[in-house]
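Below is one structure; the comments refer to it alone.
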Amino acid sequence: TQTTRPQRLLAAVQKNATRGDPRSVVKAIDQFCRQKEWAMNVGDEKGCILDSVVTEVNPATVLELGTYCAYSTVRIASLLPPHAKLITLEFNPHNAAIARQVIAWAGLGDKIQLVEGASGDWIPKMKEKFAIETFDLVFLDHWKDRYLPDTKLMEECGLLRKGSILLADNVICPGTPDYLEYIRNSPRYKSQYFRSHLEYTKVEDGLEKSVFLG
Ligand SMILES: O=C(CSCCNC(=O)c1cc(-c2ccc(F)cc2)cc(O)c1O)c1ccc(O)c(O)c1
Ligand SMILES: [Mg+2]
């Protein structure tokens with residue numbers, strides 16, 4: 001029977017990456033996407049911007065919305081301090097199953113908690129279910145029309161504190177116009193656009209970094 005793209009991506013990781021070496025997992029996925037098949041990972045170019053933000057924030061608690069095959073999950077977790085925790089939400093059970101295996105191959109199972117389900121359902125349960133006060137960093141990379149409602153939901157649920165950082169992928173391509181309009185005009189955020197390209201292409205895209213001012 002026909003394999004899926006996430007299954008082929010996982011096979012490339014298991015073939016080309018070293019178990020327990022997160023950066024070799026990142027490299028293997030980028031190689032697969034450049035040489036074999038495009039996939040919607042944040043990629044190596046935007047990934048370097050992601051790395052610099054993670055290193056600067058040095059977060060103890062991270063929320064990722066949209067795991068897909070765990071490329072950015074592994075990329076972020078590989079830069080976290082020892083006792084930091086990353087919670088990643090994935091809607092699609094097949095993607096989640098692949099992501100779990102990529103995370104295991106990278107040896108990052110103790111830093112990452114993958115939760116299956118819709119962000120709108122899980123965000124209100126974060127505090128009670130995962131003993132989370134607030135998130136130091138949120139990486140938005142899920143449904144593009146969920147960035148705005150989920151940001152408002154995180155505000156309402158008290159999951160953001162003065163200084164929390166939101167980093168949003170794909171604000172140009174596919175685009176998140178309502179999110180950009182809100183976050184750039186709200187007095188409660190200070191935003192900065194990092195111009196880049198859609199993963200593995202020459203198409204313009206970028207990351208929007210926003211600090212919650214409380
Ligand atoms: O994929 C999802 C929703 S979450 C992923 C959101 N991410 C994107 O859509 C995304 C898309 C693109 C992109 C795609 C085509 C282009 F031509 C250009 C850009 C790039 C990104 O970096 C992205 O993050 C899902 C949910 C439930 C399911 O049942 C299911 O099969 C799939
Ligand atoms: Mg993306």
Side-chain angles (χ1 to χ4, degrees), residues 1-10 25-26 28-34 36-54 62-79 86-103 112-123 137-151 153-154 165-180 183 191-210:
T1 53
Q2 177 59 21
T3 60
T4 65
R5 180 165 309 178
Q7 281 171 331
R8 295 191 293 272
L9 183 149
L10 172 63
V25 168
V26 167
I29 295 173
D30 283 329
Q31 219 164 350
F32 173 78
C33 292
R34 284 198 177 282
K36 299 282 187 322
E37 306 181 52
W38 187 91
M40 60 181 169
N41 318 119
V42 73
D44 40 7
E45 193 179 308
K46 287 185 289 179
C48 286
I49 301 165
L50 173 62
D51 289 354
S52 60
V53 172
V54 174
V62 183
L63 174 63
E64 175 182 61
L65 301 175
T67 315
Y68 186 48
C69 297
Y71 172 91
S72 48
T73 323
V74 165
R75 192 157 186 146
I76 294 166
S78 72
L79 298 172
L86 189 162
I87 296 174
T88 184
L89 293 187
E90 175 53 43
F91 172 90
N92 177 307
H94 175 76
N95 295 350
I98 298 295
R100 288 187 201 285
Q101 295 173 78
V102 170
I103 290 162
I112 296 165
Q113 175 135 26
L114 193 158
V115 180
E116 280 184 51
S119 48
D121 299 338
W122 276 103
I123 287 170
L137 173 66
V138 182
F139 181 53
L140 297 94
D141 194 22
H142 60 330
W143 291 116
K144 306 317 159 194
D145 60 4
R146 287 297 315 176
Y147 284 26
L148 181 54
D150 286 345
T151 297
L153 197 51
M154 287 188 284
I165 302 290
L166 302 186
L167 188 64
D169 189 26
N170 311 116
V171 295
I172 303 299
C173 176
T176 62
D178 60 343
Y179 173 79
L180 273 190
I183 209 90
S191 292
Q192 189 181 0
Y193 174 60
F194 292 85
R195 184 169 183 203
S196 185
H197 295 95
L198 176 68
E199 48 267 27
Y200 318 115
T201 77
K202 292 184 167 36
V203 175
E204 183 181 345
D205 189 21
L207 300 173
E208 187 83 358
K209 178 191 172 196
S210 306

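First listed ligand is number 1; within each ligand, the first listed atom is number 1. Values below: every heavy atom of this structure, side chains too, minus hydrogens, waters and symmetry copies.
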Which protein N or O atoms sit under 3.5 Å from any N or O of ligand 1? Give atom names and distances.
unit_1	atom_1	unit_2	atom_2	d
ligand 1	7 (N)	K144	NZ	3.3
ligand 1	22 (O)	D169	OD2	3.2
ligand 1	22 (O)	N170	OD1	3.0
ligand 1	22 (O)	N170	ND2	2.7
ligand 1	22 (O)	E199	OE2	2.6
ligand 1	24 (O)	D141	OD1	2.8
ligand 1	24 (O)	K144	NZ	3.0
ligand 1	24 (O)	N170	OD1	3.0
ligand 1	29 (O)	N92	ND2	3.1
ligand 1	31 (O)	N92	ND2	2.9

List the steps, then state whether side chain to side chain contact (heavy atoms under 4.5 Å, CB included) holds for R5 with W38. CA-CA 9 Å; R5 180 165 309 178; W38 187 91; 4.3 Å; yes
Is any side-chain heavy atom of C48 closer than 4.5 Å to one of R75? yes
Ignoring waters, how many N, O or S atoms from the protein are under 2.8 Å from the Mg ion (ligand 2)? 3
Considering residues at least two apart in sequence or located in another chain, which fulfil the ring pair (Phe, Tyr, Trp, His ring centres under 6.0 Å) criterion with Y147? H142, Y179
Step by step, would you call T67 with N95 a side chain to side chain contact (heavy atoms under 4.5 Å, CB included)? CA-CA 8 Å; T67 315; N95 295 350; over 6 Å; no
Flag side-chain contact, heavy atom, 4.5 Å: T73 against L114: no
Can you find a heavy atom in the side chain of V62 that is under 4.5 Å from one in the side chain of V54? no
Check: Y193 and I172 side chains under 4.5 Å, non-hydrogen atoms: yes
Taken in chain and number order and not counting sequence neighbours, the residues that satisfy side chain to side chain contact (heavy atoms under 4.5 Å, CB included) with R34 are D44, Y200
For a 4.5 angstrom cut-off between non-hydrogen side-chain atoms, does E199 reach V42? no
